[in-house]
Amino acid sequence: MTYESAGDIVSELADIAGSIRSSVERALQGKPEVVRLAVITLLSEGHLLVEDVPGVGKTTLARALAASVEGRWQRVQFTPDLLPADVTGITVYHQQSGRFEFRPGPVFANIVLADEINRASPKTQSALLEVMEEKHVTVDGREYPVPRPFTVVATQNPVEMDGTFRLPEAQLDRFMMRVSVGYPDPRTESDMLKYEANGPTVASIRPVIGLDVVQQMITQIAKVHVADEIRDYIVAVTGATRQLPEVRIGASPRAGLALLRASRTAAAIDGRGYVTADDIKDLAPAVLAHRLILTPQAELAGVTDHDLVDRVISGLPTPTSQAAGQGNRRW
């Protein structure tokens, strides 16, 4: 990836991101916004929580994303008897060499599908905490880095279903976004019956870019300009969630950082070298809602976390920054 100007950079980033989205949408039809958020998460080196009922394409989304960027992917089926070592890996004694050797677990991949993560015990769920934040696992006192880029795509059944555990607050806070795939519209579902009857489309997806290009994109996206007014707006949004009477725990500083990184990526794939307040408004529900822990009274009253984020956004003044519009000059 070589460029002569800032305009070349944003144009190339937008084109490549569009290619990834088109590739993933071949497998997950009729859900362009879900695919867009998944691509933003990947290019931000974040993690994605997909909450929905079985059979709507959660696994397909993760597989298609990995296949489109030539990434290595692994699937971990979370069950009540799954142990932390089954996720991270284990040290075993090798008789021939007379040494202990580390055998990596399935977490050592570019995209890790943690399927039905809330069916495992909290102890096993916590095995992902370190690697999701620090990009390495520690086994027997030694650190082992995972491949980069690294993204966890976790699926979660609704917590009302039998045999599920609520994800702890620390785990939820490590997911950059939460999305819900939802059922397809009748026409899309009819097309699925027509074209997928003899096998899943995701199996035929070929990479549109290599991992080296993904890494270069991540580096360039980090240069997207964010005006001071936009940073202050993010702080105001996250701070306002902590003042809501319906909330026991509001958005953390990590949530603000996630919103900043996701907004930079959204701006880049839209062909801009700067973040606007509209980027923050657009991504705030997906980035912040799942981090809000409501009071029991609010839950009984039917209040949702999305409702609260919408209330915060609508109740704050929108910044207008001339500096933001000049951000592409700072690449």
Side-chain angles (χ1 to χ4, degrees), residues 33-34 36-51 132-133 167-180 221-270 272-295 297-299 301-328 330:
E33 182 59 17
V34 173
R36 172 178 169 268
L37 293 176
V39 172
I40 289 174
T41 303
L42 173 68
L43 297 180
S44 304
E45 273 205 291
H47 309 292
L48 184 68
L49 179 62
V50 188
E51 182 179 274
M132 289 175 68
E133 181 68 16
L167 295 183
E169 292 84 352
Q171 182 76 289
L172 287 171
D173 201 33
R174 279 163 169 77
F175 286 101
M176 172 172 279
M177 295 191 199
R178 182 189 65 186
V179 299
S180 177
I221 287 169
K223 300 176 183 178
V224 170
H225 176 63
V226 183
D228 291 340
E229 293 86 347
I230 299 299
R231 289 191 178 90
D232 292 342
Y233 184 51
I234 293 175
V235 172
V237 170
T238 56
T241 65
R242 304 165 196 163
Q243 307 302 319
L244 294 170
E246 299 90 346
V247 170
R248 289 192 293 116
I249 301 177
S252 67
R254 183 190 285 125
L257 289 170
L259 185 54
L260 175 66
R261 298 204 318 269
S263 298
R264 273 180 163 156
T265 304
I269 67 175
D270 283 346
R272 284 181 284 110
Y274 56 92
V275 174
T276 68
D278 287 338
D279 294 322
I280 308 302
K281 292 181 177 181
D282 174 51
L283 294 172
V287 175
L288 301 182
H290 65 283
R291 304 170 192 266
L292 306 185
I293 308 301
L294 277 58
T295 63
Q297 295 83 357
E299 292 182 345
V303 177
T304 68
D305 44 24
H306 272 269
D307 292 338
L308 297 176
V309 174
D310 289 340
R311 186 199 303 175
V312 165
I313 293 296
S314 62
L316 290 174
T318 302
T320 55
S321 172
Q322 293 182 352
Q326 299 171 355
N328 57 346
R330 301 197 180 189

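Excluded from the calculations below are hydrogen atoms, water molecules and symmetry mates; all remaining heavy atoms, backbone and side chain alike, are included.
- Of all non-hydrogen atoms in F175 and R291, the two that sit nearest each other are O-NH2, 2.7 Å.
- Judged as a ring pair (Phe, Tyr, Trp, His ring centres under 6.0 Å), and not counting sequence neighbours, H290 has no contacts.
- For residues 255-264, no residue pair satisfies the side chain to side chain donor-acceptor pair (under 3.5 Å) rule, not counting sequence neighbours.
- Closest approach of A289 and R178 over heavy atoms only: CB-NH2, 3.9 Å.
- Residues A251 and L288 approach most closely at CB-CD2, 4.1 Å, considering heavy atoms.
- Qualifying side chain to side chain contact (heavy atoms under 4.5 Å, CB included) partners for I293, counting only residues two or more places apart in sequence or in other chains: E169, L172, R248, I249.
- Shown here for V287 and A262, the closest heavy-atom pair between the two residues is CG2-CB, 4.4 Å.
- Counting only heavy atoms from C-beta outward, the side chains of I280 and I230 approach each other to under 4.5 Å.
- Counting only residues at least two apart or in different chains, salt bridge (charged side-chain N to carboxylate O under 4.0 Å, His left out) contacts with residues 231-242 comprise D228-R231.
- T41 places no side-chain N or O within donor-acceptor distance of the main-chain N or O of H47, the cut-off being under 3.5 Å.
- Contact record, V312 with A240: CG1-CB, 3.7 Å, taken as the closest heavy-atom pair.
- Remark: D305 CG to L244 CG distance equals 11.5 Å, nearest 0.5 Å.
- Residues satisfying the side chain to side chain contact (heavy atoms under 4.5 Å, CB included) test with S252, not counting sequence neighbours, are D173, R254, A255.
- Although no hydrogens or angles enter the test, the distance criterion places no donor-acceptor pair under 3.5 Å between the side chain of D310 and the main chain of D307.
- Looking at residues two or more places apart in sequence or on another chain, you find a side chain to side chain contact (heavy atoms under 4.5 Å, CB included) between T265 and I40, L43, S44, I221, I269.
- The nearest pair of heavy atoms linking I234 to G256 is CG2-O, 3.7 Å.
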